[in-house]
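Note: hydrogens, waters and symmetry copies are ignored here, and every other heavy atom, side chains too, is used. Chain identifiers are assigned alphabetically (A, B, ...) following the order of the sequence lines, protein sequences preceding nucleic acid strands; residue numbering begins at 1 within each chain.
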There are 2 protein chains.
Amino acid sequence: MSATFSAFSDPAFSMRRAVPTRPSWMATSAPEKIPAGAASGGQLLHVAPDAELYADGAESVSFYKVVSGLVRTCKFRSDGRRQIDAFYLPGDSFGFEDGGRHRLSAEAVCETYVVAYRWRGAEALSAGDAALAPQLLSLALQGMRRAQDHALLLGRRSASQKVAAFLTDMIDRSVNDEVIELAMSRQDIADYLGLTIETVSRTLSQLERDEMIALPSARRVRVQDRLGLRHLSS
Amino acid sequence: MSATFSAFSDPAFSMRRAVPTRPSWMATSAPEKIPAGAASGGQLLHVAPDAELYADGAESVSFYKVVSGLVRTCKFRSDGRRQIDAFYLPGDSFGFEDGGRHRLSAEAVCETYVVAYRWRGAEALSAGDAALAPQLLSLALQGMRRAQDHALLLGRRSASQKVAAFLTDMIDRSVNDEVIELAMSRQDIADYLGLTIETVSRTLSQLERDEMIALPSARRVRVQDRLGLRHLSS
DNA sequence: CGCGCGTTTGAGTGGTCTCAATGTCCGTGG
DNA sequence: CCACGGACATTGAGACCACTCAAACGCGCG
């Protein structure tokens, strides 16, 4: 459907040898999900755990696509609290802005590789980029949808509903549909759901007591009652 | 900067005679904020108070721009609760979707006029619409930014912070920067902020006792300590 | 083995919700 | 002109859920 630059080569393929065993959040992205590259494709970047890809307020020169690992975008408030806007899994694109500056900071949650695509914002798209605009528009609409869903998640929901919704979303987005490998910490989850770390932990324990999930380890969630979870999060 | 169709005529001008006195939420939009029309401009539509412009799940054939009045987009949950995603003031555009269907319902809050622009989604933008894509991209990025801000507003903030942020946003978006004419009810505000109607009312009363605002009537807010409000909402 | 980090669990507090009653504004009709 | 009704908004009392502060637990690593 959408035109893609034939010169574009997927950096994900060159990554595969370096990662012998891959949990779901490390899966390489499918080639068809790679956006058409601005200019001559994109530049592959490595980002270490907790390292910053770009800062809130920094000049926006590129947008990004996750190859492997996990990226979080967040805002630091004046009272020191952090709010996470989104988690980006392999295949997801992020970093579009309508001004010339980023309005969130982006950090790697774990060992992460991303591809950077240079662009100068919506206003600077010339006629030569005509084929690119519809694809970027589609990505922007996806981003708006994700942000809307996040806002709906945060409004007037109980802790168990929020956690269930988070787990349901993670299942839907990962390859494996039974076991979720959480690359992010409890603090990350709490900052994403607008809860405290203790409440997240308590809620997960309660879900385990209710036999909706199992927690073989802190960062591994086995979903046992997928429909129950989905119903709880609705 | 951005190309606009010369054949496009602003329906807002034809509205002006019909509205002798205009509070801020009834202000007609500035011509430069009108997006380039898809096809041959747009179709002017009247929407009565609480009438539905489109329903959640309905086929998406147009996007819209508010000429006068106020539009809310919302979601009705299975427990009967309503969550409002956004309020759209004159000049704002809404109704973009990345699928073929709307994912929220749109309703007029009061007597409202909108312009409808036909389009068939990002995928259907042909070469003939090349000049349109960057403008739509810009609007989509605005929408994403708005949704992100809303999500940040809803996460881990006290009732007074939420209400202060709502009032601050309303001041920034309306023409008058001292008195806010609220076209929406307390219930609308509560559903937007993830609070109950009682908490919204109590919080407004408290802000009045703290002399940050005055409430000459229920739907009219005079801002007396703008910096204090802004600081509270940060 | 012991340290450190992340996570889990416990006890008590507080902010928002729920349920209920009262108050205010405005249009209608006597 | 005032009485009445209805919708919307405000205020009050009590309950509950998530937060805060604190301690204990489990795991990986030097």
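Taking the six-membered ring for Trp and the full ring otherwise, the centers of B/Y88 and B/Y64 sit at least 6.0 Å from each other.
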Derivation and outcome, side chain to side chain contact (heavy atoms under 4.5 Å, CB included), residues A/V200 and A/R202: CA-CA 6 Å; A/V200 171; A/R202 267 186 262 269; over 6 Å; no
Start with the C-alpha distance between B/Q148 and A/H150, add both sets of side-chain angles, then the distance that settles side-chain hydrogen bond (donor to acceptor under 3.5 Å, both in side chains), and finish with yes or no. CA-CA 8 Å; B/Q148 284 176 354; A/H150 192 206; over 6 Å; no
Hey, what are the protein-to-nucleotides 25-30 of chain D N/O distances that come in under 3.5 Å?
none

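Heavy-atom minimum distance, B/H102 versus B/A55: CB-O, 3.8 Å. Residues A/S160 and A/T203 approach most closely at CA-CG2, 3.6 Å, considering heavy atoms. When every heavy atom of B/V109 is checked against every heavy atom of B/V71, the shortest pair comes out as CG2-C, 4.3 Å.
Judged purely by distance below 3.5 Å, without hydrogens or angles, the side chains of B/R209 and B/Q206 pair a donor atom with an acceptor atom.
Side chain of B/S234 to backbone of B/H231: a donor-acceptor contact under 3.5 angstrom is found. The main-chain N or O of A/G155 is found under 3.5 Å from a side-chain atom of B/Q83 such that the two form a donor-acceptor pair. A donor-acceptor pair is defined here as one N or O able to donate and one able to accept, closer than 3.5 Å; such a pair exists between the side chain of B/S174 and the backbone of B/M170.
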Distance-only criterion, 3.5 Å: show the donor-acceptor pairs between side-chain atoms of residues 211-219 of chain A and protein atoms not counting sequence neighbours.
from	atom 1	to	atom 2	distance (Å)
A/R219	NH1	A/A183	O	3.1

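Taking a 4.0 Å limit (strictly below) on heavy-atom distances, residues 147-169 of chain A reaches DNA chain D at A/S158, A/A159. Within residues 184-202 of chain B, the residues approached by DNA chain C to less than 4.0 Å at the level of any non-hydrogen atom are B/G194, B/L195, B/T196, B/E198, B/T199, B/R202, in residue-number order. Within residues 213-222 of chain A, the residues approached by DNA chain C to less than 4.0 Å at the level of any non-hydrogen atom are A/A218, A/R219, in residue-number order.
For A/D210, the salt bridge (Lys or Arg N to Asp or Glu O under 4.0 Å) criterion is met by no residue, not counting sequence neighbours.
Between A/R173 and A/D92, at least one side-chain N (NZ, or NE/NH1/NH2) sits under 4.0 Å from a carboxylate O, which counts as a salt bridge.
At the heavy-atom level, B/R81 lies under 4.0 Å from the strands shown only through sugar-phosphate atoms.
Atom CD in A/Q206 sits about 15 Å away from atom C1' in C/dG10, given to the nearest Å. Spacing between atom CD of B/E208 and atom P of D/dA9 amounts to 15 Å, rounded to whole angstrom units.
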